[in-house]
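To keep things clear, I will list the structure first and then write my remarks on it.
Remember, it's 1-based here, ligands and their atoms both numbered in the order they're listed. Computed from heavy atoms alone, side chains included, the values below leave out hydrogens, waters and symmetry copies.
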Amino acid sequence: MSLPDKVELAIRQIERDFYIDDDYLIKASEYFLQAMDAGLKAPKQSRENMPMIPAHVSKIPTGKEKGLFLAADLGGTNFRVCSIDLKGDHTFELKQSKYRIPPELMKCKKADDLFSYLASKIEVFLEEHHDTAKVKTSEPLKLGFTFSFPVDQTALGKGTLIRWTKGFDIPDAVDRDVVDLLQANLTVLEVNVKVVALANDTVGTLLSRAYQNDPKLTNSNTVIGCIFGTGTNGAYYETITNIPKLTNPPKAAQGMVINTEWGSFDNTLKILPNTLFDEIVDKETANKGYHLFEKRISGMFLGEILRVALLELFERGLIFQELYKERGGSLPHRITEPWLLDAEVLSYIQIDDSTDLKMLGLILQNTLRLPTTKHERIVIQRLTRAISERAAKLSAIPLATIVRRVKDQYKDDDKDFEVGCDGSVVEFYPGFKEAILKAIEVINPLEGTHKRVYLRIAKDGSGVGAALCAAMA
Ligand code: GLC
């Protein structure tokens, strides 16, 4: 069914603006490689450089690690606390509880407001799952802290917050050591836990997937840990001599895990596609001008890009005109207010193939209280697909580039390459993983070998990974 000419023209233009072709992927991969080197060299953090943060983890787990550890994970809307019993045979036992972060603690004055809440939840977790009398009198339990924000990490258990992302904003915490903040609040509560390691969620995902992967069974080496969820980021193992900014590397270390913070790839927009909608979304964020790659890819932003695109088409008189009149001059607030359109809703829109897109209509009615005409639903679906396709293709750039970069580390074995992934977008968004793999094939990082790249979902990566970091402390 066709759209009115004016609308069709407008949508085609937007689709063109969002379209990523094969040449772009290859060029962008080249640029990503250079950006990695620049970040590994630059002694100081700056907006221009991808952070490329040494994680102070110099070994990838073998699956033989053992012991009981705690892990705490702050990264998005939930705080997770777990205890992990590593069995030493690629398996583990995990107990966990999830606590929703009260929105008022995501943006507040004092760092301690948030960190005392986190400490209190660790206390509650221990009371629920462990013999607290025993915990009190024994050696302190070692805790690995997964903290998924850009941190300047100077040792395994030390790191200061560079800046908040993903909707958090607590200026008092910036430039402070987040391990100290958590430890101090645990001490106040007399909880017998020692925070010994700090890890980004992607570092955790890499370590946990590597622990669980038995190369004898999968015939693959785990080379990247990454997240495509609320935010996006990845970690990989870099050869020591390629990290000039590391002034005193641990003795005898061959390499080190790097938390790339690829969300901040190309903050100066030398190569990233940039539409009017991307600009509007960036202006709405607390970290304006930063993490611009993430703002084109991850779950927190996909719905917002769609929402601002729809509002723009409305302003141009192309959609929602009848509705506006019927409501006496307004649109439903869930479409006019930022951040209320969840990526989950986009995932239903993406795949609806019902007659006249009626399913999609119901979903918009239920989630946004937005009645739509058939034309409007077609527009919404085409925009959604354009936005998500761009996101998936862009996601392939760091993955393919890193695979290309590390392939020589594995030149003496014939195993495939696997990427451990976590996050709602890669796990649940229809077709996202497949679209990433197709775009990786275009970049073709393993050219000249018979090896392949696999994306494997690594559930609970950050908890088990933090435990593995704690095991190394
Ligand atoms: C954001 C954070 C990064 C984290 C990612 C995924 O990009 O800056 O540290 O790894 O989200 O959660």
Discussion item. If you apply the rule ring-ring contact (aromatic ring centres under 6.0 Å, His included), what do you find for Phe115 with Tyr117, and how did you get there?
Written reply: CA-CA 5 Å; Phe115 282 86; Tyr117 172 84; over 10 Å; no
Worksheet item: Quick one: does NZ or CZ of Arg16 land under 6.0 Å from the six-membered ring centre of Tyr19, within 45 degrees of the ring axis?
Response: no
Worksheet item: Between Asp278, Asp17, Asp21, which is the residue that forms a salt bridge (charged side-chain N to carboxylate O under 4.0 Å, His left out) with Arg390?
Response: Asp278
Discussion item. Looking at Thr260 and Gly234, would you say the former's side chain and the latter's main chain have a donor-acceptor pair under 3.5 Å?
Written reply: yes
Between ligand 1 and the protein, tabulate every N or O atom pair separated by less than 3.5 Å, reporting distance only.
| residue | atom | partner | partner atom | Å |
| --- | --- | --- | --- | --- |
| ligand 1 | 7 (O) | Thr232 | O | 3.3 |
| ligand 1 | 7 (O) | His291 | NE2 | 3.1 |
| ligand 1 | 7 (O) | Glu294 | OE1 | 2.4 |
| ligand 1 | 8 (O) | Thr165 | OG1 | 3.3 |
| ligand 1 | 8 (O) | Glu261 | OE1 | 2.8 |
| ligand 1 | 8 (O) | His291 | NE2 | 3.1 |
| ligand 1 | 9 (O) | Ser148 | O | 3.3 |
| ligand 1 | 9 (O) | Phe149 | N | 3.3 |
| ligand 1 | 9 (O) | Asn200 | ND2 | 2.8 |
| ligand 1 | 9 (O) | Glu261 | OE1 | 3.4 |
| ligand 1 | 9 (O) | Glu261 | OE2 | 2.6 |
| ligand 1 | 10 (O) | Asn200 | OD1 | 3.0 |
| ligand 1 | 10 (O) | Asn200 | ND2 | 3.3 |
| ligand 1 | 10 (O) | Asp201 | OD1 | 2.6 |
| ligand 1 | 10 (O) | Asn233 | ND2 | 2.9 |
| ligand 1 | 11 (O) | Lys166 | NZ | 3.0 |
| ligand 1 | 12 (O) | Lys166 | NZ | 2.9 |
| ligand 1 | 12 (O) | Asp201 | OD2 | 2.6 |

Worksheet item: Any Lys/Arg nitrogen of Glu284 or Arg307 sitting under 4.0 Å from an Asp/Glu carboxylate oxygen of the other?
Response: yes
Item to complete: Output, in order, the C-alpha distance, side-chain angles, deciding distance and verdict of ring-ring contact (aromatic ring centres under 6.0 Å, His included) for Phe32 and Phe265.
Response: CA-CA 7 Å; Phe32 191 89; Phe265 169 52; 4.8 Å; yes
